[in-house]
Amino acid sequence: MTDVTIYHNPRCGNSRGALQILREHGIEPRVVDYLKTPPGRDELVGLISASGLAVREIMRDKEAVFAELGLASPERSDDELIDAMLAHPILINRPIVVTPLGTRLCRPPERVREILPPA
């Protein structure tokens, strides 16, 4: 069992790039296609917390549903934003990679190198 997980969207170039870097380093991660198998609330909150990012920083603000739901409003609470990501997983930015050395939103994909386990 691997101790590396990538929350992956196969249609995303950054996500494919991070997965390729992992594999080039001999790591076959657990791949979570989060659009098909979205994280639950506790898992999502844990990923956000572990990444050190604010909830807004982990959201894709260029998705149409972001504007449709009025999520740009600064009056929206973190809980409301998390609820929106749970209801619309496309709003979760990607790829998020978890290794024993940390959790990163790997945009650009080369950020995955910051948390690669030693060879």
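The first residue in the sequence is number 1, and the count goes up from there. The figures that follow rest on heavy atoms only: side chains count, while hydrogens, waters and symmetry mates do not.
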_For residues Leu22 and Val32: do they belong to one hydrophobic cluster (side chain heavy atoms under 4.5 Å, members Ile, Leu, Val, Met, Phe, Trp, Tyr)?_
no
*Give me the one residue out of Ile6, Thr5, Val4 that meets side chain to side chain contact (heavy atoms under 4.5 Å, CB included) with Val31.*
Ile6
*Honestly curious: do Val97 and Leu47 fall in one hydrophobic cluster under the side-chain, below-4.5 Å linking rule?*
no
*asked:* Between Pro29 and Leu19, is there a side-chain heavy-atom distance shorter than 4.5 Å?
replied: yes
*What residues, two or more places apart in sequence or in another chain, satisfy salt bridge (Lys or Arg N to Asp or Glu O under 4.0 Å) together with Arg111?*
Glu114
*Side-chain heavy-atom pair Tyr7, Pro95 within 4.5 angstrom cut-off*: no
_Working note: His8 + Asp33, criterion side chain to side chain contact (heavy atoms under 4.5 Å, CB included); need CA distance, chi angles, decisive distance, verdict._
CA-CA 5 Å; His8 180 62; Asp33 183 337; 5.8 Å; no
*Report yes if some heavy atom in the side chain of Arg107 is under 4.5 Å from a heavy atom in the side chain of Leu105; otherwise report no.*
yes
*Distance-minimising heavy-atom pair for Arg30 and Glu43*: NH2-OE2, 4.4 Å
*Is it the case that one hydrophobic cluster holds both Ile115 and Leu53, taking links as side-chain heavy atoms less than 4.5 Å apart, direct or via other members?*
no
*Transitively linked via ILVMFWY side-chain contacts under 4.5 Å: Val98 with Leu116?*
no
*Compare all side-chain heavy atoms of Leu69 with those of His88 and state whether any distance is below 4.5 angstrom.*
yes
*Expected output: side-chain Ser51 to main-chain Thr103 donor-acceptor under 3.5 Å*: no
*asked:* side chain to side chain contact (heavy atoms under 4.5 Å, CB included), that's the test. Do Thr99 and Asp3 meet it? Break it down for me.
replied: CA-CA 6 Å; Thr99 79; Asp3 55 355; over 6 Å; no
_Nearest-0.5 Å distance, CD1 of residue Ile58 to CG of residue Leu81_ = 12.0 Å
_Side chains of Ile92 and Met59 in contact at under 4.5 Å (non-hydrogen atoms)_ = no
*asked:* Quick one, Leu35 and Ile90 - any side-chain contact, counting heavy atoms below 4.5 Å?
replied: yes
*Quick one: does Arg104's side chain have a donor or acceptor within less than 3.5 Å of a partner on Ile96's backbone?*
no
_Salt-bridge contact Glu63-Arg60 (side-chain N to carboxylate O under 4.0 Å)_ = yes
_Ile82 side chain reached by Ile48 side chain, heavy atoms, under 4.5 Å_ = yes
*Can you name the nearest heavy-atom pair linking Gly17 to Pro109, along with the distance?*
C-CB, 3.7 Å
_If I compare all heavy atoms of Pro117 with all of Leu101, which pair ends up nearest, and what's the gap?_
CA-CD1, 3.8 Å
*asked:* To the nearest 0.5 Å, what is the distance between CG on Asn9 and CG on Asn14?
replied: 10.5 Å
_Closer than 3.5 angstrom, by distance alone: can the side chain of Arg94 be matched with the main-chain N or O of Cys106 as a donor-acceptor pair?_
no
_What I'd like to find out is whether the side chain of Glu75 reaches to under 4.5 Å of the side chain of Glu80, using heavy atoms alone._
no
